[in-house]
Trainee: 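Input: one structure, supplied below.
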Amino acid sequence: MGTERKRKVSLFDVVDEPSAKIAKSNGLGLTGMNANSSINKWNGRPYSQRYYDILEKRKTLPVWQQKEEFLQVLRANQTLILVGETGSGKTTQIPQFVLDAVDIETPDKRRKMMIACTQPRRVAAMSVSRRVAEEMDVTIGEEVGYSIRFEDCSSARTVLKYLTDGMLLREAMTDPLLERYKVIILDEAHERTLATDVLFGLLKEVLKNRPDLKLVVMSATLEAEKFQGYFNGAPLMKVPGRLHPVEIFYTQEPERDYLEAAIRTVVQIHMCEPPGDILVFLTGEEEIEDACRKITKEVGNMGDQVGPVKVVPLYSTLPPAMQQKIFEPAPPPVKEGGPPGRKIVVSTNIAETSLTIDGIVYVIDPGFSKQKVYNPRVRVESLLVSPISKASAHQRSGRAGRTQPGKCFRLYTEKSFNNDLQPQTYPEILRSNLANTVLTLKKLGIDDLVHFDFMDPPAPETLMRALEVLNYLGALDDEGNLTKLGEIMSEFPLDPQMSKMLVVSSEFNCSNEILSVAAMLSGTSICFLACFVFLLSQVLGRCPGAISCLISSLSERVFALRLVHNTRLSSATVLSGFHAPVGMHHRISKQVLMQIVSVSQYSLMKQMVSPCLEAQKAADEAKARFGHIDGDHLTLLNVYHAYKQNNEDQSWCYENFINHRALKAADNVRQQLVRIMSRFNLKLCSTDFNSRDYYVNIRKAMLAGYFMQVAHLERTGHYLTVKDNQVVHLHPSNCLDHKPEWVIYNEYVLTSRNFIRTVTDIRGEWLVDIAPHYYDLENFPQCEAKRVLEKLYRKKEKDREESRNRR
DNA sequence: GAGCACTGC
């Protein structure tokens, strides 16, 4: 291969001198400022205008010549940094160039060394590798392959492998020097995922021990200088992007209400600007749905003066079929020669990196996104609506110029862009609980975390917290060395608490059940269909003719309004399925109906009130069938068991408000976990279902992992987390029929109040039995829980004495 | 008696 490859894409524009500091000249693309007079008033409010020429106009060299220069630099250096905007084609082209440049032969003629190209996302790894295989005219999985969780599409013949950054990190755990690779390409490095950051530090070490290994770091322009500094002044080359110029507008005054401002701007664009689709960035699902409704309504009020609009919400938890709607074309004019239609996509950050929509000409950027923050003091991760970074703003505006010149409206002042926004979003490693990361690092053989070469070192307190947690779990000894237990735990793709629960579950004679619980809890989206779907089907059955118009006008919104729940798995989600009818009924009748359906449709909708009661009944039955009064974890287990007992039947799922696809995903996770269990000879076992200990053992095993996430019911009637003494409330979605004195919880969420979500009743006696080292009273803050524990210890001591006397 | 940015192993 090689010669017959067809390359249509021109790649390099200019090859900078090694170590040239291009970041400075390129910056944010702030050069080329121009006055622009096409809009000087925006909804009565003047906008300041600046023109950013994102494309740097430099002479273009023929492809072969640039390729040679690239190969030259690669041969002469161990590390190389390559910067380029998205859309430069570097992801598909560079690995192919590299393939031509390096010798991948090994003494063993049957096997060649590989080139690895990492991506932060699975879909990208898969689709890019497919495209490259096609370009090189080879079958995917042969010379070119990919490797992602649950799917290894590569073979002994594979020489170019695309994989997720997390996957490469996994591989490093068994192959610390990454000896099967000749070149490693870290793509999208500017995204600074946890895995990328760990790989940075790791690869820096590996490179010292493997002079034959080469590293190519590919990134967007903004962090180039920082990368260069980190990688000891490695040469830097540039691939120009192929973006069209984007005009940027700022407001002259700060906006008080960015949601209102965003909607106003959408309407203004629709009224005054030439055809072209609009992309609006908002922070979350609720806000997006709200905005969609309001935009539709406002434009609807304007009548025939303006063209029709198709308003499409976009966020990750939206069912895939709904997400596809963003790729549909804008609606045609209502009548021939009338004003053209427009597509308006209202999206979370997902449209900033993960999903690209062609045809976007206008971007509206209010300047906010939800970001994860971690507070090591109370060990809580939460989501906070925060101002975005300059880099993020830059990325957002770039979304307007993919197919033609575009415009970006920033709903903040230029001054605040310059002075208030930080240059980069804080990398994830500074915003996360690092327990899992530290465990991985230990497994990778990095003992001295304090001196590990992080590009951005995390707060010492965060590292200390992580070490402390791992020590309590028994994964690290008091010297901070990985224990045998920790070694096994690190092999599971789960949080340490969950791995611990799984590893010890055999000792509690319930590993089969704990496997199911862990699979159901771990990041899969499981959901119950809300009862409205049931309700619709009821109505459909009754008046099939009349309903079709309603369905057509409602069906989009039925999804959009979360009448179908398709959110991440937590028992909260699962259990809210049971609660859905009340809220949903209320929601659709009051907030939505009058806005989105005509009067005749409304009267039809009113007929749905009575089937709604049936739906309520069905949901109650579902709850009665699966709900376990002792806890949400056990409810999840019931759901999983019922699913298996009914042979994973799709229509059974539908009838029981269970999302089939999501349970299948959980089953997939479970199989992976089972394989890891067997690898370590961990027994797969169950307590007899008729035994009194069946659920007791499961709850004890869970406690063995989650003893640090316990809350105690105070006499005042509210819960306090153990040791941290935070006031928390049981999330109203819980399935308990009582308020237990002690609960373990899976999640601590900060929203309108401090909630603990997915909770299960446990007994105080178990705390002192299973985790005496954590419930050591000498090291315990004064509180009610402490006094209760003291009693429990005394009782335990007394019992022990009695049994000694009896002997 | 509430409401989940986005990934990944």
Side-chain angles (χ1 to χ4, degrees), chain A residues 118-125 147-152 163-173 188 191-199 281-290 314-318 347-355 368-373 381-386 388 392 425 428 431-432 436-437 439-440 443 490-495 498-499 522-525 527 530 561-562 565-576 578-580 582-584 587 668-669 672-673 676 729-734 736 747 749-758:
Chain A
T118 73
Q119 296 287 320
R121 281 167 290 277
R122 290 208 289 231
V123 202
S147 174
I148 57 178
R149 187 180 184 182
F150 304 128
E151 200 183 347
D152 182 4
L163 70 179
T164 50
D165 48 10
M167 203 66 197
L168 187 62
L169 202 53
R170 282 274 139 189
E171 288 189 2
M173 283 168 59
E188 312 286 355
E191 287 193 30
R192 303 290 305 274
T193 65
L194 256 175
T196 303
D197 268 24
V198 174
L199 282 171
F281 284 101
L282 292 177
T283 64
E285 180 179 339
E286 191 142 0
E287 204 173 83
I288 286 168
E289 296 296 357
D290 191 30
L314 177 64
Y315 42 87
S316 74
T317 49
L318 204 63
S347 170
T348 60
N349 256 4
I350 191 171
E352 200 180 297
T353 48
S354 308
L355 273 170
F368 291 95
S369 71
K370 275 191 190 165
Q371 286 166 34
K372 185 170 72 182
V373 287
E381 279 180 349
S382 51
L383 286 171
L384 222 65
V385 174
S386 327
I388 59 170
S392 204
T425 310
E428 202 184 353
R431 298 182 285 124
S432 308
N436 209 6
T437 307
L439 186 60
T440 308
K443 169 69 188 174
S490 72
E491 294 285 332
F492 287 93
L494 303 168
D495 276 344
M498 216 184 277
S499 318
S522 88
T524 351
S525 24
C527 57
L561 293 166
R562 284 184 301 164
H565 274 243
N566 189 5
T567 45
R568 247 164 204 273
L569 166 70
S570 67
S571 75
T573 317
V574 172
L575 303 173
S576 69
F578 296 132
H579 290 252
V582 184
M584 288 304 164
R587 195 183 185 108
N668 210 353
V669 173
Q672 190 190 25
L673 299 178
I676 302 171
H729 305 269
L730 300 182
H731 198 276
S733 61
N734 78 75
L736 301 163
E747 256 182 312
V749 286
L750 298 175
T751 47
S752 58
R753 302 163 91 177
N754 295 353
F755 286 108
I756 48 174
R757 202 156 56 181
T758 317

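What you are looking at is a predicted structure, and each value in this text was computed from that prediction instead of being measured. Just so we're on the same page: letters track the sequence lines, and every chain starts at 1.
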Trainee: Could you give the CG-to-C1' distance, from Leu168(A) to dG8(B), as a whole number of Å?
Mentor: 13 Å
Trainee: Check whether Arg753(A) reaches the backbone of His731(A) with its side chain - one donor and one acceptor, N or O, closer than 3.5 Å.
Mentor: no
Trainee: Atom CZ of Arg757(A) and atom C1' of dG3(B): how far apart are they, to the nearest Å?
Mentor: 8 Å
Trainee: Would you indicate what Leu730(A) reaches in the nucleic acid, counting non-hydrogen atoms under 4.0 angstrom: base, sugar-phosphate, or nothing?
Mentor: nothing
Trainee: Please state how far atom CG in Asp152(A) lies from atom C1' in dG8(B), giving the value in whole angstrom units.
Mentor: 16 Å
Trainee: Can you name the residues that form a side chain to side chain donor-acceptor pair (under 3.5 Å) with Thr348(A), not counting sequence neighbours?
Mentor: none
Trainee: Under 4.0 Å from OP1 or OP2 of dG3(B): is there any side-chain N or O of Arg753(A) that close?
Mentor: no
Trainee: Looking only at side-chain N and O atoms, does Ser316(A) come under 4.0 Å of OP1 or OP2 in dC6(B)?
Mentor: yes
Trainee: Using a cut-off of strictly less than 4.0 Å, decide whether Arg121(A) has a side-chain nitrogen or oxygen near OP1 or OP2 of dG8(B).
Mentor: no
Trainee: For Thr164(A) and dC9(B), is the shortest distance between a side-chain N/O and OP1 or OP2 below 4.0 Å?
Mentor: yes
Trainee: Quickly work out the Arg192(A) CZ to dG8(B) P distance and round it to whole Å.
Mentor: 19 Å
Trainee: Contact class for Thr283(A) (heavy atom, under 4.0 Å): base, sugar-phosphate, or nothing?
Mentor: sugar-phosphate
Trainee: Quick check on side chain to side chain donor-acceptor pair (under 3.5 Å): which of Thr118(A), Asp165(A), Thr164(A) does Thr193(A) satisfy it with?
Mentor: Asp165(A)
Trainee: Which part of the nucleic acid, if any, lies within contact of Phe755(A), taking any heavy atom under 4.0 Å across all strands shown: a base, the sugar-phosphate backbone alone, or nothing?
Mentor: sugar-phosphate
Trainee: Take atom CD of Glu747(A) and atom P of dA2(B), then tell me their distance rounded to the nearest Å.
Mentor: 17 Å
Trainee: Begin from the C-alpha positions of Leu169(A) and Leu199(A) and carry the test side chain to side chain contact (heavy atoms under 4.5 Å, CB included) through to its verdict.
Mentor: CA-CA 7 Å; Leu169(A) 202 53; Leu199(A) 282 171; 3.8 Å; yes
Trainee: Report yes if a side-chain nitrogen or oxygen of Thr348(A) is closer than 4.0 Å to either non-bridging phosphate oxygen (OP1 or OP2) of dC6(B); otherwise report no.
Mentor: yes
